[in-house]
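Contents: one structure, followed by commentary.
Atoms within each ligand, like the ligands themselves, are counted from 1 in listed order.
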Amino acid sequence: MTISSNHYYYFATLTIVLLIVPSDAQLSSTFYDITCADALSTIRLNITRAVANEQRMAASLIRLHFLDCFVQGCDASILLEDESGERAAVQNANSVRGFEVVEAAKQAVEAICPGVVSCADVLAVAARDATVAAGGPSWIVNLGRRDSPLAATIDVAENDLPRGNDPLQTLITKFANKNLNQTHMVALSGAKTIGQARCVTFRDRIYNTQGLDPEFVRMRQSDCPQTGGDDNLAPLDEVTPTDFDNNYFRNLQRGRGLLESDQVLFSQQLTNSIAQEYINSADRFKLDFAAAMIRMGDIQPLTGANGLIRSTCASSNN
Ligand code: HEM
Ligand SMILES: *[C@@H]1O[C@H](CO)[C@@H](O)[C@H](O)[C@H]1NC(C)=O
Ligand SMILES: *[C@@H]1O[C@H](CO)[C@@H](O)[C@H](O)[C@H]1NC(C)=O
């Protein structure tokens, strides 16, 4: 009698636990197949047009997804307009862009299925479509993320996001904290085969020139003076600045990584050997990049009853 009622209690408890504990691995590529069958094609059309209008937008959208995922998980928190939130972190302020494009894609989706598709998922799909539009690989995006009601604090963002002058070990640790290993880190860094950086992010590197290619130094110094011009832009890959190819890694081999955090990848055997593989095979790079983007998209999603579906990405009071 006692034994069977204990048994009953045990099974009842187990069942309740299974029902109410949200698992964090519930994303699925078919999540909107029934509730919003045209969501993905709508986003793709919108993003493809936006990149055709402005090529740099491909880079900005890929980066936006990365910056979202690394701070508090892929929850669209970076899209919230909050002066004291993560957008104001030193890594993001005056730098992160592409918000209007994500909002327009989200509104295009809202017009066909209101309140169904999260901003976090729109951003994850936009990053994939932007990669394809720039000539990079495609992959199947896992879906079902929900949006955070609040942005992360500046402190959390500044602590979790890598910086352009972080040493290699710090970079490795920051990626490991997000469940990404060195192969993922090197592959993801290859996104810098497109896009641009502000003078303020690479000035120290080009005026502290030992070991640098002199022609590269001259070229970069010409549009990044020692004082002033903080926001002047330079391409992260000056050879093919808008093509999603493996040139980023070739640049490292020639000492022409624009950011210190780019060049350090080539400084130690562990990461150097991965970069070397990507120099030898653009296909290998593209496959690894796609796999790493899927993995990055899995960082700490809000699922089930957690979070919400924002109707406007910029704000949660709607
Ligand atoms: C390894 C650690 C990383 C560091 C230290 C880093 C740092 C930076 C910095 C300093 C810039 C220039 C920002 C500015 O000028 O304001 C930048 C740009 C960029 N980053 Fe990263 N980043 C890292 C990883 C990543 C990852 C994982 C991705 C994407 C998967 C990414 C994609 C990009 C892109 C595409 C741009 C150009 C954006 C544009 O043109 O709008 N980065 N990054
Ligand atoms: C994206 O969708 C929005 C909302 O439907 C629309 O206003 C905008 O023109 C579209 N943008 C592009 C580039 O297709
Ligand atoms: C990183 O993990 C992937 C699997 O996700 C694996 O293929 C790769 O070899 C790992 N890299 C390192 C350096 O451990």
Side-chain angles (χ1 to χ4, degrees), residues 51 54-71 74 87 89-99 101 123-124 127-128 130-131 134 136-137 139 158 160-205 224 229-237 241-244 248 252 257-266 268-275 277 284-285 287-299:
V51 174
E54 195 216 345
Q55 283 187 299
R56 185 187 176 194
M57 192 49 69
S60 304
L61 292 171
I62 297 167
R63 181 171 185 236
L64 199 49
H65 180 48
F66 154 63
L67 296 172
D68 179 33
C69 291
F70 259 61
V71 179
C74 312
R87 261 203 223 185
V90 64
Q91 293 95 325
N92 292 337
N94 297 318
S95 170
V96 58
R97 62 195 293 279
F99 298 113
V101 170
L123 180 52
R128 188 271 314 270
T131 304
W139 60 91
E158 290 190 344
D160 286 10
L161 289 173
R163 300 180 188 224
N165 60 355
D166 277 344
L168 186 59
Q169 193 49 56
T170 306
L171 296 173
I172 290 173
T173 303
K174 285 179 176 175
F175 276 73
N177 289 343
K178 304 296 168 186
N179 229 347
L180 297 167
N181 69 24
Q182 289 138 28
T183 311
H184 302 130
M185 181 176 86
V186 175
L188 290 169
S189 297
K192 289 185 175 60
T193 190
I194 57 173
Q196 306 191 13
R198 292 170 304 146
C199 169
V200 67
T201 67
F202 60 84
R203 180 184 283 123
D204 286 353
R205 173 159 155 73
C224 182
D230 280 9
D231 292 334
N232 293 359
L233 295 172
L236 283 153
D237 165 17
T242 58
D243 295 341
F244 200 101
Y248 168 82
L252 303 184
L258 186 57
L259 306 174
E260 216 168 293
S261 56
D262 298 327
Q263 200 60 53
V264 290
L265 299 178
F266 223 71
Q268 280 177 35
Q269 175 58 25
L270 210 55
T271 46
N272 178 307
S273 61
I274 302 164
E277 259 190 72
R284 180 80 251 161
F285 161 52
L287 280 173
D288 281 9
F289 181 78
M293 285 294 279
I294 292 170
R295 188 149 171 136
M296 189 178 83
D298 281 344
I299 298 173

*Cation-pi check, Arg284 to Phe289: give yes when NZ or CZ is under 6.0 Å from the six-membered ring centre and within 45° of the ring axis, no otherwise.*
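The answer is no; the distance or angle limit is not met.
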
*asked:* For the residue pair Arg56 / Gln196, report whether a side-chain donor-acceptor contact shorter than 3.5 Å exists.
replied: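 Side chains of Gln196 and Arg56: no pair found under 3.5 Å.
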
*Would you kindly say whether His65 and Asp68 are connected by a side-chain donor-acceptor distance under 3.5 Å?*
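Their side chains do not contain a donor-acceptor pair, so the 3.5 Å distance test is not met.
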
_Please find the pair of heavy atoms, one from Leu67 and one from Val96, that lie closest to each other, and give the distance._
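Shortest heavy-atom separation between Leu67 and Val96 comes out as CD1-CG2, 3.7 Å.
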
_Please give me the minimum heavy-atom distance between Ala127 and Met293, naming the atom from each residue._
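Taking every non-hydrogen atom into account, CB-CE, 4.1 Å.
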
Ligand 3: protein N/O within less than 3.5 Å of ligand N/O:
from     : atom 1 : to     : atom 2 : distance (Å)
ligand 3 : 2 (O)  : Asn181 : ND2    : 2.3
ligand 3 : 5 (O)  : His184 : NE2    : 3.3
ligand 3 : 11 (N) : Asn181 : ND2    : 2.9
ligand 3 : 11 (N) : Thr183 : OG1    : 2.6
ligand 3 : 14 (O) : Asn181 : ND2    : 3.4

N/O to N/O under 3.5 Å, ligand 1 against protein:
from     : atom 1 : to     : atom 2 : distance (Å)
ligand 1 : 15 (O) : Arg198 : N      : 2.6
ligand 1 : 15 (O) : Arg198 : NE     : 3.4
ligand 1 : 16 (O) : Ser95  : OG     : 2.5
ligand 1 : 16 (O) : Arg198 : NE     : 2.7
ligand 1 : 16 (O) : Arg198 : NH2    : 3.0
ligand 1 : 20 (N) : Lys192 : NZ     : 3.1
ligand 1 : 22 (N) : Lys192 : NZ     : 2.4
ligand 1 : 40 (O) : Arg56  : NE     : 2.8
ligand 1 : 40 (O) : Arg56  : NH2    : 3.3
ligand 1 : 40 (O) : Gln196 : N      : 2.8
ligand 1 : 41 (O) : Arg56  : NE     : 3.3
ligand 1 : 41 (O) : Arg56  : NH2    : 3.2
ligand 1 : 41 (O) : Ser60  : OG     : 2.7
ligand 1 : 42 (N) : Lys192 : NZ     : 2.4
ligand 1 : 43 (N) : Lys192 : NZ     : 3.1

*Between Asn272 and Leu265, is a side chain to side chain contact (heavy atoms under 4.5 Å, CB included) present by the stated rule, with each step listed?*
CA-CA 6 Å; Asn272 178 307; Leu265 299 178; over 6 Å; no

*Walk me through it: do Glu260 and Arg163 pass the test salt bridge (charged side-chain N to carboxylate O under 4.0 Å, His left out)?*
CA-CA 9 Å; Glu260 216 168 293; Arg163 300 180 188 224; over 6 Å; no

_Lys192 with Asp237: basic N within carboxylate O range, under 4.0 Å_ =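 Salt bridge between Lys192 and Asp237, a charged N being under 4.0 Å from a carboxylate O: no.
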
*asked:* With salt bridge (charged side-chain N to carboxylate O under 4.0 Å, His left out) as the criterion, how do Lys174 and Asp160 come out once you've worked through the C-alpha distance, each side chain's angles and the decisive distance to 0.1 Å?
replied: CA-CA 6 Å; Lys174 285 179 176 175; Asp160 286 10; over 6 Å; no

